Amino acid sequence: AEAYDDAMHDETVHDASWALAPEGTNPEIVAWVEQLAHLFTPDTVVWCDGSQRERDELNRRMVAQGTLVQLNPELRPYSFLARSHPADVARVESRTFICSADEADAGPSNNWIAPDEMRATLGGLADGAMRGRTMYVLPFSMGPLDSPLSRFGVQVTDSPYVAVSTGIMTRLGAEALQRITPGTAWVRAVHTVGAPLAPGELDVAWPSNETKYISHFPETREIWSYGSAYGGNALLAKKAFALRIASAMARDEGWLAEHMLLLKVTNPRGRVFHVAAAFPSACGKTNLAMLRPSIPGWEVETVGDDIAWLAPDAWGRLKAINPEAGFFGVAPGTGASTNQTAVDTLWGNTVFTNVALTDEGDVWWEGLTDTPPSHLTDWQGESWTPSADHPAAHPNSRFTVAAAQCPTMSDDWEDPAGVTIDAIIFGGRRATNVPLVVEARDWDHGVYLGATISSERTAAAEGTIGELRRDPFAMAPFCGYNMADHWQHWLNVGDQLRRSGRVPRIFQVNWFRKDDDGSFLWPGFSENSRVLAWILDRVDGAAPAVAGPLGWTPPGDALPLEGLDLPENALEKLFAVDPSAWTAELDDTERFFAGFGDRVPEKLERQLRLAREHIAAV
Ligand code: GTP
Ligand code: SPV
Ligand code: MN
C-alpha cells in the first residue's frame, strides 16, 4: 500500500513525450494511429508501455475522476471498484456485427451489415468522438510473447478503464510492440466510448453512449467498437479479437479459436491430462478451471478460464494455449463454498466492476458469504440493506485480475508450445433432458454434441434470463464466420487428427439439471471432480461405459460417488432419457439445422438421423 501511495503522487509521468510513438515502432502502426488521431481528434495520444508506473497513473486519474473507488488497502490492497452506467452492464449481442463482404459468410446466427455501409456509419460516429479525451494505444500479444500459436493486436481506446483492464487481461506493452515488426500480422482494434467532451464540459464517472456498435471486419482483421466500456464490448482483445476475429483467422490457417477453459489434471496414478471445455457465458468455465477436487488423489490445475486457441501439431496432437493473461470473471456465486481458489486469487490488485461496497471499504456480492453484511452500498452507489428488493451486486458484476495471481495456475500455462489436449467437454445450462455426463461415440458425434448445445440465457448478455437458446460450441455470440462452416472446420480438424491416431475424446456434461421442485440434482462445483475422474479414466482406458441412446454413460457404480449424499433417485434422474422430450428436442435440432440451409455438413445431418434412430429404439 505504501509503494502504491508513492506512485499515486508521482506526477512525473505527465511527460509530453507520452504523445510520441516509442522509437523503432513499426511505421504501419504509427501511420494507423496518426490516421485515427486525425479522425477522433483526442486531446492527447498515449502509447502505453504496460508498466506499473503507467497503471498507477491511470488508476490515480480514474480515482480523481470518480470512475474508480479505491478499496480499503488494509482489506484489499491496490484494488478498485468501478460502477458502470446502469445501461452498460453486459455484452450487447443485438449491436454486435460481423461485417464480412458476403452476408452468407456471417451466417444466420450473426448480425450482418455490409462492410462499406458499416465503415460509413462508423466513420461518421468516429469524427471528433474522442474530443477532450486521451487516446491510449495498447499494443499486446494474445498468448505467450514467443509462442508460434500467439497473435498480436493493437487497440486504441479513449477509456482509461479499458486501458488498465487490457493491461491485466493481455501481455501488453513494449515487449509486444517490439515484436510487431513490419510484415508481422496484427489485429487492428478501435474503441471509443463515444462521449466527446465540449471545452470545459465536466466528465461523468462512466462515459458511454446509448448508440452502440461492436463491429468486426473478419477479412481485414479489424474491430471497431463504439459506445460501450463494458467487458466483451470494449476489452476488444477478449471476445472481439481472441474469438470473433481469431476464429476467422483459425478457419483460414487450420486451427481453432474457442470459448473454452483449459485444465491440467493429474490422476491418483500420476498421469497428467489436459482438458478443454466449452460452456456458454456464465455457465461454469471459471469455476471448473479453478476446481478443488472433492475426491482424494486427484489434482486439478488451471491453464485458462475462458478462451483457448487450439492447433494440431506436426505429430497430430491437438495443442492449446490460453491467449489471455487474466480473468474477467463473474462475481456473484463466487464464494468459499463454491470457488475458494477464485476468492484467494482476488486478495488484491483487482479491479471489480458493479459489485457492492461494504462500509469498511471492501467488496461484497451475492454468494461471497452466506449472509450479506447488514449495510452495503449497491452496484449503483445507493445505500442497501438485506431487505432491499434487488441484489446488491449486478448479476453480471465481474472481477478483473491477473492469472498469475491464481494459486492453482499450472506450471505449463505459459508453455509456448501449448498443452496437449486429451479430452474435450461441451456443456450447457439445462434444467431438463441433458444428462450429467455422456461420452461421444466418436469425433463426429462429439462435433454434433457441440453443434447442438442449447442453454438457458444468463446475465452475461442482454436478453431474457432462463430462456432456452441454441449456443453451438458456446460460440453463438463469438463465431466470426458462418457457424455451419465452423462445424465443417471442426470435422476437418478431426480428419487431420485421426490420421495420426491422436484424437481427443469428446464428452458432454450438464451440472444444471433440476428436480421437479426446481432444485439442482447435482451439487456441482468441487463435486464435478467426480465426473472429471470418470471422463479421464475413460481416456486412460480404466473406466467402464455403457452404450445408451445419447452416447456412452457410466454404468451404475462407475462414477466415484463415495462420501456424496445425493437426494433420493438423483442419479437416476440425472441420467434419465425421456423419449418424447428427446423427440421434441431433435425436432428442434432439425429446425435449427434448417436455418443454416445447405451449409450444414452432411456428417452432422447423418448424426441427427442416428440420434433419431437411437431415441426411437428407447
Ligand atoms: P463467463 O465468464 O461469462 O464466460 O462465465 P463462466 O462460464 O466462466 O461461468 P462461471 O464459472 O463464472 O459461473 C457462472 C455462474 O454459474 C456462477 O454464478 C457460478 O456460481 C455458477 N456455477 C458454476 N459452476 C456451477 C456448478 O457446477 N453448479 C451450479 N449449480 N452452479 C455453478
Ligand atoms: C462472456 O460473456 O462469455 C464473458 C464476459 O466472458 S465478456 O467478456 O463480457 O464477454
Ligand atoms: Mn466467457
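Numbers here simply count residues along the sequence, with the first being 1. What you see below is based on every heavy atom in this structure, not just the backbone, and it leaves out hydrogens, waters and symmetry mates. Order of listing sets the numbers, starting from 1, for every ligand and every atom in it. Keep in mind it's a predicted model, so treat the numbers as computed, not measured.
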Roughly how far, to the nearest 0.5 Å, is [atom2] of [Y] from [atom1] of [X]?
{"X": "I223", "Y": "R244", "atom1": "CD1", "atom2": "CZ", "value": "8.5 Å"}
{"X": "N233", "Y": "I214", "atom1": "CG", "atom2": "CD1", "value": "4.0 Å"}
{"X": "N287", "Y": "N339", "atom1": "CG", "atom2": "CG", "value": "4.5 Å"}
{"X": "L243", "Y": "E258", "atom1": "CG", "atom2": "CD", "value": "8.0 Å"}

Record the part of F478 in heavy-atom contact with ligand 2 below 4.0 Å; permitted values are side chain, backbone, both and neither.
-> side chain
Does D306 approach ligand 2 within less than 4.0 angstrom via side chain, backbone, both or neither, non-hydrogen atoms only?
-> side chain
Polar contact flag, side-chain donor to acceptor under 3.5 angstrom, [X]-[Y]:
{"X": "R76", "Y": "T350", "answer": "no"}
{"X": "W206", "Y": "D88", "answer": "yes"}
{"X": "T341", "Y": "R292", "answer": "yes"}
{"X": "T408", "Y": "T302", "answer": "yes"}
{"X": "E527", "Y": "S294", "answer": "yes"}

For [atom], what is the closest protein heavy atom, and at what distance to 0.1 Å?
{"atom": "atom 1 (P) of ligand 1", "result": "A282 N, 3.3 Å"}
{"atom": "atom 19 (C) of ligand 1", "result": "N287 ND2, 3.6 Å"}
{"atom": "atom 6 (P) of ligand 1", "result": "K285 N, 3.3 Å"}
{"atom": "atom 9 (O) of ligand 2", "result": "G232 N, 2.8 Å"}
{"atom": "atom 1 (C) of ligand 2", "result": "K239 NZ, 2.8 Å"}
{"atom": "atom 9 (O) of ligand 1", "result": "G284 N, 2.9 Å"}
{"atom": "atom 24 (N) of ligand 1", "result": "F525 CE2, 3.5 Å"}
{"atom": "atom 29 (C) of ligand 1", "result": "F512 CE2, 3.5 Å"}

Candidate pair Y213 and F97, rule ring-ring contact (aromatic ring centres under 6.0 Å, His included), full reasoning | CA-CA 7 Å; Y213 283 94; F97 301 92; 5.8 Å; yes
With heavy-atom distances below 4.0 Å as the criterion, list the atoms of ligand 2 near [X].
{"X": "S281", "answer": "1 (C), 2 (O), 3 (O)"}
{"X": "H259", "answer": "3 (O)"}
{"X": "G231", "answer": "9 (O)"}
{"X": "A460", "answer": "2 (O)"}

Distance under 4.0 Å to a non-hydrogen atom of [X]: what atoms of ligand 1 satisfy this?
{"X": "F520", "answer": "30 (N)"}
{"X": "S281", "answer": "3 (O), 4 (O), 5 (O)"}
{"X": "D306", "answer": "4 (O)"}
{"X": "P332", "answer": "17 (C), 18 (O)"}
{"X": "P280", "answer": "7 (O)"}
{"X": "R429", "answer": "15 (C), 16 (O)"}
{"X": "G333", "answer": "18 (O), 20 (O)"}
{"X": "H259", "answer": "4 (O)"}

Counting only heavy atoms, which portion of L288 has something under 4.0 Å from ligand 1: side chain, backbone, both, or neither?
-> neither
Does an N or O from [X], backbone or side chain, lie closer than 3.5 Å to an N or O of ligand 1?
{"X": "A460", "result": "no"}
{"X": "F279", "result": "no"}
{"X": "C283", "result": "yes"}
{"X": "T286", "result": "yes"}

For T432 and N510, the nearest pair of non-hydrogen atoms, with its separation, is O-ND2, 4.5 Å
Side-chain donor or acceptor of Q380 paired with backbone N/O of N354 under 3.5 Å | no
For ligand 2, find out whether one of its N or O atoms is nearer than 3.5 Å to an N or O atom of K285.
-> no
Looking only at distance, does K238 have an N or O less than 3.5 Å from an N or O of ligand 2?
-> no
Is it the case that the ring center of [Y] lies less than 6.0 angstrom away from the ring center of [X]?
{"X": "F525", "Y": "W511", "value": "no"}
{"X": "F473", "Y": "H486", "value": "yes"}
{"X": "F512", "Y": "W522", "value": "no"}

Do [X] and [Y] meet the cation-pi criteria used here (NZ or CZ under 6.0 Å from the six-membered ring centre, within 45° of the axis)?
{"X": "R171", "Y": "F140", "value": "no"}
{"X": "R188", "Y": "W186", "value": "yes"}
{"X": "K239", "Y": "F478", "value": "yes"}

N/O/S from D306 sitting under 2.8 Å away from the Mn ion (ligand 3) = yes
Given R398, K239, M290, which one has a non-hydrogen atom that is nearest to atom 2 (O) of ligand 1?
-> R398
